[in-house]
**Q** 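Questions regarding the structure given below will be posed in turn.
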Amino acid sequence: MAPRPGLTAERLVRAGAELADEVGFEHVTVSELARRFDVKVASLYSHVRNSHDLKTRIALLALDEMADRASDAVAGRAGRDALTAFAEAYRAYAVEHPGRYTAARFPLDPQTAAASAGPRHARLSRAILRGYDLPEPAETHAVRLLGSVFHGFVSLETAGGFSHSAPPAEETWPWILDALDALLRDAPTSHRPTKADPS
């Protein structure tokens, strides 16, 4: 079937991303997108293979957008300023684009993941951590710490987890960033062996 005039893969993916923000990433399908464009589902299959392919493309778009935003935010900054700018960019994207934020965590095959903006996110994390002068493996631990804290807070906040208690999340967020900055400045550079750890 010939592609429908005016429809492109890029246009469909962006429409899919908008749909994800409106109704939730889990509800994005080729069928739902066809309804959005008032076309038959078959007319979209010359641009996207199936719903999994569509979701993968939305995930790649989201990763690109988040990396661009974070990169712009931390440019020329170091230390706590870079940490705060990175965190604020991450949180703002999740609030503005909840569906795309969810999409950024869509499982990708190793080859697609390696070619995505995912590695840029890791490099950005390591760039801001250079201001804390952490050796390996402490730097990798810190990268995982930042991802865990930011994702955990943002996920709870966007799900309304902080809506019914005081103080408001707007007060907790800078407190968390201050605590992370203090922790990173005095972070342990080696781990303590556990009973199961032969090291």
**Q** Please confirm whether the backbone N or O of Ser155 pairs with a side-chain atom of Thr158, one donor and one acceptor, at under 3.5 Å?
**A**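 Yes, the answer is positive, given that a donor and an acceptor are paired below the 3.5 Å cut-off.
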**Q** Is there a side-chain contact (heavy atoms from CB on, under 4.5 Å) between Glu96 and Arg69 once you walk through the steps?
**A** CA-CA 12 Å; Glu96 293 169 24; Arg69 182 177 291 202; 3.0 Å; yes
**Q** Please test Arg91 against Glu157 for salt bridge (charged side-chain N to carboxylate O under 4.0 Å, His left out), starting from the C-alpha separation and ending with a verdict.
**A** CA-CA 10 Å; Arg91 182 185 179 211; Glu157 182 181 30; 2.6 Å; yes
**Q** Who pairs with His27 by side-chain hydrogen bond (donor to acceptor under 3.5 Å, both in side chains), at least two apart in sequence or on another chain?
**A**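 Here no residue qualifies.
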**Q** Do the non-hydrogen side-chain atoms of Thr8 and Leu12 ever get within less than 4.5 Å of each other?
**A**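 Not in contact.
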**Q** Pairs under 3.5 angstrom only: tabulate donor-acceptor contacts from the side chains of residues 71-80 to other protein residues two or more places apart or in another chain.
**A**
from, atom 1, to, atom 2, distance (Å)
Arg77, NE, Ala73, O, 2.9
Arg80, NE, Asp178, OD1, 2.9
Arg80, NH1, Thr84, OG1, 2.7
Arg80, NH2, Asp178, OD1, 2.3

**Q** Applying side-chain contact (heavy atoms from CB on, under 4.5 Å), run through Tyr93 and Arg100 and close with a yes or a no.
**A** CA-CA 9 Å; Tyr93 186 87; Arg100 299 185 206 199; 3.4 Å; yes
**Q** How would you list, by chain and number, every residue that makes a side-chain hydrogen bond (donor to acceptor under 3.5 Å, both in side chains) with His97, sequence neighbours excluded?
**A**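 So His97 forms a side-chain hydrogen bond (donor to acceptor under 3.5 Å, both in side chains) with Asp21.
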**Q** ring-ring contact (aromatic ring centres under 6.0 Å, His included) with Phe25: which residues, sequence neighbours excluded?
**A**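 Phe25: ring-ring contact (aromatic ring centres under 6.0 Å, His included) contacts with Phe106.
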**Q** Could you walk me through whether Leu177 and Phe150 pass the side-chain contact (heavy atoms from CB on, under 4.5 Å) check?
**A** CA-CA 10 Å; Leu177 297 182; Phe150 297 158; 3.9 Å; yes
**Q** Glu18 side chain to Glu22 main-chain N or O, any donor-acceptor pair under 3.5 Å?
**A**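 Checking the backbone N and O of Glu22 against the side chain of Glu18, no donor-acceptor pair under 3.5 Å is found.
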**Q** Is any side-chain heavy atom of Phe37 closer than 4.5 Å to one of Arg11?
**A**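 Counting from C-beta outward, Arg11 and Phe37 do come under 4.5 Å.
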**Q** Mind checking whether Val95 and Trp173 sit in one hydrophobic cluster, side chains of I, L, V, M, F, W, Y counted as touching below 4.5 Å?
**A**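 Each belongs to a different hydrophobic cluster.
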**Q** May I ask you to decide if Glu136's main-chain N or O and Thr140's side chain share a donor-acceptor pair within less than 3.5 Å?
**A**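 The answer is no, because no donor-acceptor pair under 3.5 Å joins these two groups.
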**Q** Identify every side-chain donor-acceptor pair in residues 54-62 under 3.5 Å, counting partners at least two apart or on other chains, and give the distances.
**A**
from, atom 1, to, atom 2, distance (Å)
Thr56, OG1, His52, O, 2.9
Arg57, NE, Asp53, OD1, 3.2
Arg57, NE, Asp53, OD2, 3.1

**Q** Would you call Phe86 and Leu129 a side-chain contact if the rule is heavy atoms closer than 4.5 Å?
**A**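 SC-SC contact between Phe86 and Leu129 ruled out.
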**Q** What do the steps show when you test Lys40 against Tyr45 for side-chain contact (heavy atoms from CB on, under 4.5 Å), and what is the final call?
**A** CA-CA 10 Å; Lys40 294 184 182 297; Tyr45 285 134; over 6 Å; no
**Q** Counting only N and O atoms by type, is there a donor-acceptor contact under 3.5 Å from the side chain of Ser51 to the main-chain atoms of Val30?
**A**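 Yes, the answer is positive, given that a donor and an acceptor are paired below the 3.5 Å cut-off.
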**Q** Less than 4.5 Å apart, any side-chain heavy atom of Arg185 and any of Tyr132?
**A**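 Sidechains of Tyr132 and Arg185: in contact.
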**Q** Considering only heavy atoms from C-beta outward, does the side chain of Leu33 approach that of Val48 to under 4.5 Å?
**A**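 Answer no - side chains too far apart.
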**Q** Check ring-ring contact (aromatic ring centres under 6.0 Å, His included) between Phe162 and all other residues, then give those that pass, not counting sequence neighbours.
**A**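 Per chain and number, Phe162 pairs via ring-ring contact (aromatic ring centres under 6.0 Å, His included) with Phe153.
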